There are 2 protein chains.
Amino acid sequence: MPSRDDGSAQLTGRGAVVTIADVAERAEVSTSTVSYALSGKRPISERTRERVMRAIADLGYHPHAGARSLASSQSNIIAVMVPLRTDMYVPVIMEILMAMTTAARTYGKDILLLTGDEGTDGVRRVAASGLADAALLMDVELHDERIPVLREISMPAVMVGLPSEAGELPCVDLNFEAAGEVCADHLADLGHDDVALIGVSASVYRRHTGFAARTVTGFMNRARERGLRATHRPCDGTFDSTAGTLTRILNERPATSGFVIQNEEAASQLMSLLRQFGRVVPQDVSVVAICPDQVALQSSPRLTSVPIPAEEMGRGAVRLAIMQLSGQATAGATLIPPRLVVRESSGVRVR
Amino acid sequence: MPSRDDGSAQLTGRGAVVTIADVAERAEVSTSTVSYALSGKRPISERTRERVMRAIADLGYHPHAGARSLASSQSNIIAVMVPLRTDMYVPVIMEILMAMTTAARTYGKDILLLTGDEGTDGVRRVAASGLADAALLMDVELHDERIPVLREISMPAVMVGLPSEAGELPCVDLNFEAAGEVCADHLADLGHDDVALIGVSASVYRRHTGFAARTVTGFMNRARERGLRATHRPCDGTFDSTAGTLTRILNERPATSGFVIQNEEAASQLMSLLRQFGRVVPQDVSVVAICPDQVALQSSPRLTSVPIPAEEMGRGAVRLAIMQLSGQATAGATLIPPRLVVRESSGVRVR
DNA sequence: TTGAAAGCGCTAACAT
DNA sequence: ATGTTAGCGCTTTCAA
């Protein structure tokens, strides 16, 4: 390799390679001083620090990530594993992912993307190769095979979702059980006594993906406590499925005047169908959705909803990972309390 | 730092650190032999290779990513920049992203996620720090500020989308102009002579995000060539907007019997509205959508559509990046030809 | 408050 | 076909 002190530009991928030695030379200090000025791990005189910073700016220096990771055994990379086939609504996944990426940058970390089909080997690989120093797992299942692996490799990890055997592993999720309760309460408060929950597809319930079942539990229990007649139906999100589900509910219980819908695809379809069936919202029936704001706002009328706090979940997961990285304890589940936003789709029952 | 030859397990993040030296010792070869056995950059006898592979498996060895990147100036990481606020339909972005991640792994690469709000500095940073050795830019705009940066840092890069000043930079996209043509042709072939394109929100057209305008161009030109009366309307995806757009079209041109819709949110709404307005699809009107299959399939009736080849776009972008990394030329645009899938929403015009 | 220098684990000449 | 070894650019003792 050509020596660098001839001042010629390098034609490698990195362009002109500026090293810490270059910075040290220009600032007339040692390389360790530059390193410490950057990390703050030992006191540096104000005068020296300024000279160093100046040199860094002048030369456009960026520390080499690989060298840093080799010397410090810290990659400053957080791996995020996203299942290929997920139970969650894709825009929510995306929003969480972006929130994670943004949050990670505020801690000087970057996000590495892993697909679920790399499976447990993916986690092992990035851990063993030192590629990442923490892992975030999205859309975890009740019995997730990645959980034992996480324990085994003892790498800081946070899960988005609520598995049953989380044990000491930290996780972040919306409190879906409380969300179900909030919805039941809202409808009960408005005087509705015959209510129905339209949920996600039956296959999701079968796969035991925590969140779906938890909403049902919260909703049904609270409905019973409030003395409501309540029922629950899955729905796979196609128009025909939504139409079938609604038809059956209205046939079996024509008096149903309150709906909770936890299915982003079906939400807007439900509104069209109610209109088509001659039910005016919110005069005849009230609808409460558990969905991202975007979905609630593009329906007509705009939906009263419990929003999915995607941004908060992403940010929270990163924060927990960073805490673990700095040795702080973070065990247990962080359940975000639901928030009810009342819009135009719910109102007092008119008899 | 404690020496490793005392056999004690390390309690760092990486657990028991297995190095190439450990593998070499166990296989009774030199470290370079292990390295070459892994990279294939020089011939290794079958017997030796087997011993090495055996040792690697026995010890559970994974090369240290940082060390590798330092020694080889190749990080094996590809950065992907996704805009925070995008014009594209989010599930499509996600599918492209996942396809990229999966494709990258087949080349032994990993994907690093960058948000658009890191802006041009983000690209500079990952390039200068050697964090990534190629960049993929999603949802590029017609005049994208990241393009000059890409040139300046001379890092292999591929764009998803079709900017106007692409120059020699490779990009991948669906041929939206041809997609517009295909839709016009399909409707013309079915005997429709009064047709309308319902597009994305006006703000997207204003932002000049290539794809939207290109579809309109292809559609309008081909419609004219085929002697159709054609019109074009933006739509922002809310139910009220879709209803308004449709109402206006039907008021101004009651004879309109062919619709092209390039708006995922509005597609299912449009079907409900047509039903509500008493138009039977496909007997009274035909609808062709430019949208992902998932959207086409969850509508009722299922939509004739030009699918967005998300998976192909993601895979193609990675392939082009890999080609550049290995020194092959890849200049210019790769426009994926549209495919028309006829389903139940289009049929011969009945007068 | 600062400097000198020994690695971190790997790759790629340069040997043989 | 294989071994030896000099770095890659940084962090972090150990010294001063």
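In this text the structure is predicted, and so the values were computed from the model without any measurement.
A donor-acceptor distance shorter than 3.5 angstrom exists from the side chain of B:Gln324 to the backbone of B:Ala157, with no hydrogens or angles considered. Side chain of A:Ser72 to main chain of A:Arg68: a donor-acceptor pair is present (N/O by atom type, distance under 3.5 Å, no hydrogens or angles).
An OP1 or OP2 oxygen of D:dG3 is reached within less than 4.0 angstrom by a side-chain nitrogen or oxygen of B:Thr33. Within the 4.0 Å cut-off from OP1 or OP2 of C:dG3, at least one side-chain nitrogen or oxygen of A:Ser30 is found. The side chain of B:Thr48 places an N or O atom within less than 4.0 Å of a non-bridging phosphate oxygen (OP1 or OP2) of D:dT2. For the pair B:Arg42 and D:dA1, the criterion of a side-chain N or O lying under 4.0 Å from OP1 or OP2 is not met. Contact annotation: B:Ser45 side-chain N/O to D:dT2 OP1/OP2 distance is under 4.0 Å.
In this structure, A:Tyr61 places its OH atom 10 Å from C1' of D:dT11, rounding to the nearest Å. In this structure, A:Asp22 atom CG and D:dC8 atom P are separated by 11 Å, rounded to whole Å. In this structure, CD of B:Glu25 is placed 13 Å from P of D:dG3, rounded to the nearest angstrom. Rounded to an integer number of Å, the gap from B:Arg47 CZ to D:dT2 C1' is 12 Å. Here the C1' atom of nucleotide C:dC8 and the CG atom of A:Asn76 are 15 Å apart, to the nearest Å. When rounded to the nearest whole Å, the span between CD1 of A:Ile20 and P of C:dG7 equals 19 Å. Straight-line distance from the CD atom of B:Glu46 to the P atom of D:dT2: 10 Å, rounded to whole Å. Atom-to-atom, NE2 of B:His64 to P of C:dC8 comes out at 12 Å; the value is rounded to the nearest Å.
Screening A:Leu97, A:Leu136, A:Thr115 against A:Val82 for a side chain to side chain contact (heavy atoms under 4.5 Å, CB included) leaves a single residue, A:Leu97.
The base of C:dA4 lies close enough to the side chain of A:Ser32 for a donor and an acceptor atom to sit less than 3.5 Å apart. A donor-acceptor contact under 3.5 Å is not formed by the side chain of B:Tyr36 with the base of D:dA1.
Look at A:Arg54 and A:Glu50 and you find no salt bridge, because none of the NZ, NE, NH1 or NH2 atoms lies under 4.0 Å from a carboxylate O. The existence of a salt bridge linking A:Asp110 and B:Arg125 is confirmed by a sub-4.0 Å separation between a basic side-chain nitrogen and an acidic carboxylate oxygen.
Summary of the strand contacts: A:Glu28 and A:Leu70 both lie near DNA chain C, and taking for each the nucleotide with the nearest heavy atom, the more 5' one is attributed to A:Glu28. Each of B:Thr31 and B:Ser72 was matched to the nucleotide of DNA chain D holding its nearest heavy atom; the match closer to the 5' end belongs to B:Thr31. For the pair B:Pro43 and A:Lys41, nearest-nucleotide mapping onto DNA chain D gives the more 5' position to B:Pro43.
Listed nucleotides: C:dC10, D:dG9, D:dT2. Nearest to the side chain of B:Ile44: D:dT2.
Nucleic acid contact for A:Ser35: base, since at least one base atom lies under 4.0 Å from a heavy atom of the residue.
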